[in-house]
Amino acid sequence: MSHCCGGAPKTVELTVEGMSCGHCKASIEKALSAVPGVSGVEVDLSAKKVKASYDSEKVTVDVLKKIIRDQGYEVA
């Protein structure tokens with residue numbers, strides 16, 4: 001059995017504490033965008049939300065949370 005296009009794309013929205021400026025936004029976007037399987041990242045500073053689109057066969061939500069924590073932020 002072969003998969004032509006990988007897994008079904010999924011989107012997760014995470015609440016992230018500690019983001020306050022453009023640098024915070026850029027830091028999280030850059031870190032998550034570098035992960036194989038992540039196809040899109042949106043950061044909303046005012047809502048304290050990070051939305052990521054990803055391939056569930058390549059990366060898990062737990063990995064995404066760890067990457068955000070490694071950047072110095074708290075993930076709910």
Side-chain angles (χ1 to χ4, degrees):
M1 183 192 284
S2 67
H3 293 280
C4 75
C5 308
K10 294 189 176 185
T11 301
V12 64
E13 187 172 84
L14 305 169
T15 301
V16 180
E17 297 292 335
M19 301 185 300
S20 60
C21 64
H23 173 75
C24 299
K25 180 178 190 269
S27 159
I28 290 174
E29 286 175 345
K30 182 177 179 185
L32 290 179
S33 294
V35 178
V38 174
S39 58
V41 180
E42 291 177 38
V43 177
D44 184 336
L45 291 175
S46 60
K48 298 183 174 156
K49 299 284 185 189
V50 174
K51 189 184 290 186
S53 301
Y54 65 99
D55 179 340
S56 60
E57 289 188 358
K58 294 183 180 175
V59 67
T60 64
V61 172
D62 287 340
V63 169
L64 300 178
K65 288 180 177 180
K66 180 185 182 318
I67 290 166
I68 294 171
R69 287 189 189 108
D70 288 349
Q71 295 298 310
Y73 305 99
E74 289 297 316
V75 181

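Residue indices begin at 1 and follow the sequence shown. The structure presented is a predicted model; accordingly, all values stated were derived computationally and were not measured. Heavy-atom basis, side chains included; hydrogens, waters and symmetry copies ignored.
- Note that the CG atom of D62 and the CZ atom of R69 stand 8.0 Å from one another [nearest 0.5 Å].
- A salt bridge is defined here as a Lys NZ or Arg NE, NH1 or NH2 lying under 4.0 Å from an Asp or Glu carboxylate O, and K66 with D70 meets this definition.
- Put simply, CD on Q71 and CE on M19 are 12.0 Å apart, with the number rounded to the nearest 0.5 Å.
- S20 and C24 make their closest contact through N-SG, 3.3 Å (heavy atoms, listed as atom of the first residue, atom of the second, distance).
- In terms of the side chain to side chain contact (heavy atoms under 4.5 Å, CB included) criterion, residue partners of K48 (sequence neighbours excluded) are, by chain and number, E17.
- Residues V35 and A31 approach most closely at CG2-O, 3.5 Å, considering heavy atoms.
- Contact between T11 and S53 at its shortest, heavy atoms only, is OG1-OG, 3.5 Å.
- Between T15 and K49, the side chains place a donor N or O and an acceptor N or O closer than 3.5 Å (distance only, hydrogens not considered).
- Distance CG/L32 to CD1/I68: 5.0 Å, rounded to 0.5 Å.
- By the 6.0 Å contact criterion, CD on E13 is enclosed, its count of non-hydrogen atoms from other residues, nucleotides or ligands being greater than 12.
- Heavy atoms only, all atoms of each residue included: A52 and L64 are closest at CB-CD1, 4.2 Å.
- Pairing each heavy atom of C21 with each of L45, the nearest pair is O-CD1, 3.4 Å.
- When all heavy atoms of L14 and K65 are compared, the pair lying nearest together is CD2-CE, 3.7 Å.
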